[in-house]
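Below, all heavy atoms of this structure are taken into account, side chains as well, without hydrogens, waters or symmetry copies. Residue numbers begin at 1 in each chain, while the letters A, B, ... track the order of the sequences.
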Number of protein chains: 2
Amino acid sequence: MKKKDIQEPICAVDYAFRRIGGKYKGRIIWYLYSKQIMRYGELRRKLTDITPKMLTQTLRELEDDQLVHRKVYHEVPPKVEYTLTETGAELIPFIDHLRQWGDHQIEKENRIPKSC
Amino acid sequence: MKKKDIQEPICAVDYAFRRIGGKYKGRIIWYLYSKQIMRYGELRRKLTDITPKMLTQTLRELEDDQLVHRKVYHEVPPKVEYTLTETGAELIPFIDHLRQWGDHQIEKENRIPKSC
DNA sequence: AATTATAGTATCATTTTGGTAATTAGGTTA
DNA sequence: TAACCTAATTACCAAAATGATACTATAATT
């Protein structure tokens, strides 16, 4: 994600979408909010459709963007805990809003919403 | 965007991000809300960083998802107007929320926010 | 007959995302 | 003491998405 770092965002909406617009970012932030602390493997089991490569990459982006904090325990086997930063937590109301809209739409389509 | 159509969304957050998570979708929806009606060329001039291919593709996705309505006038030169659907308009509060968060963050970084 | 205007396509290049196997290193087991 | 286990990643190659640029269509206008 070179360009994301280099290129100036066009406006606030563009800026916000760059920071949380990835395929998995919303869910990761939501899960971290629900559980407070999650280890790498826990996130991986939760995001059943993500590959380890993408999980690591996405977590790094969130960390670089200071939405997520990464705490490494220097143990073997490795232990790494992820938590939301204060800035990341500020996004919760809006993700929750989006989640409710999603549930509402899924119901409109006569399908059964699955909880996040 | 084949997989988007085929694969079941994991949960409401995933569902919502699939529907509005594209690189330009938020801004397009926001602009359509601000101006009510916009023609293709008007959108293209507003989204200075989009290519015609991506603009068409994104508008088609938004149309397929019933967030945007497309009205064709059979004239020469062509005239096509885009407007928000009711469902699309439901997303405005949340995009506005996101926009405010973005402005706030940009200010935190001591940069000048550009209006959308 | 060439020019203009608008909303796109077509084609090819680049970037991003995805899948799977390999790595690391200290502790436990055989 | 050597093979084995665990958890968090990296390495490598394939597929998909995005991007840049040129081209198209058509009626009215110059």
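Using modelled atom types and a 3.5 Å distance limit, the side chains of B/Tyr15 and A/Gln105 yield no donor-acceptor pair.
A/Arg60 comes within contact range of the sugar-phosphate backbone alone, with a heavy-atom separation under 4.0 Å but no base atom that close. Nucleic acid contact for B/Tyr73: none, since no nucleic acid atom lies under 4.0 Å from a heavy atom of the residue.
Nearest to the side chain of A/Gln57, among C/dT17, C/dG18, D/dT18, sits C/dT17. Considering only side-chain atoms of A/Tyr82, the nucleotide from C/dT6, D/dG19, D/dT9 that sits closest is D/dT9. When distances are taken from the side chain of B/Lys53 to each of D/dT9, D/dA20, C/dT9, the shortest belongs to D/dA20. When distances run from any side-chain atom of B/Pro78 to the nucleotides D/dT26, C/dT20, C/dA7, the shortest one goes to C/dA7. Nearest nucleotide to the side chain of A/Arg44, out of D/dT9, C/dT17, C/dT9: D/dT9.
Rounded to whole angstrom, the span from the CG atom of B/Leu55 across to the P atom of C/dT9 amounts to 11 Å. Taking atom CG of A/Leu43 as the reference point, atom C1' of D/dA7 lies 13 Å away to the nearest angstrom. If you take CD1 of A/Ile50 and C1' of C/dT17, they are 10 Å apart, rounded to a whole angstrom. In this entry the distance linking CE of A/Met54 with P of D/dA16 reads 15 Å, nearest Å. Atom-to-atom, CD of A/Glu61 to C1' of C/dT15 comes out at 13 Å; the value is rounded to the nearest Å.
Comparing A/Gly41 and B/Pro77 by the nucleotide of DNA chain D that holds the closest heavy atom to each, the one mapping nearer the 5' end is A/Gly41. The nearest heavy atom of DNA chain C to B/Arg70 and to A/Val76 marks one nucleotide each, and the one closer to the 5' end goes with B/Arg70.
Dense packing is recorded around CD of B/Glu75, with more than 12 heavy atoms of other residues, nucleotides or ligands lying under 6.0 Å away. Environment of CD in B/Gln66: sparse, with no more than 12 heavy atoms of neighbouring residues, nucleotides or ligands closer than 6.0 Å.
The aromatic rings of B/His97 and A/Phe94 sit perpendicular, their planes meeting at an angle over 60°, well past the 30° parallel limit.
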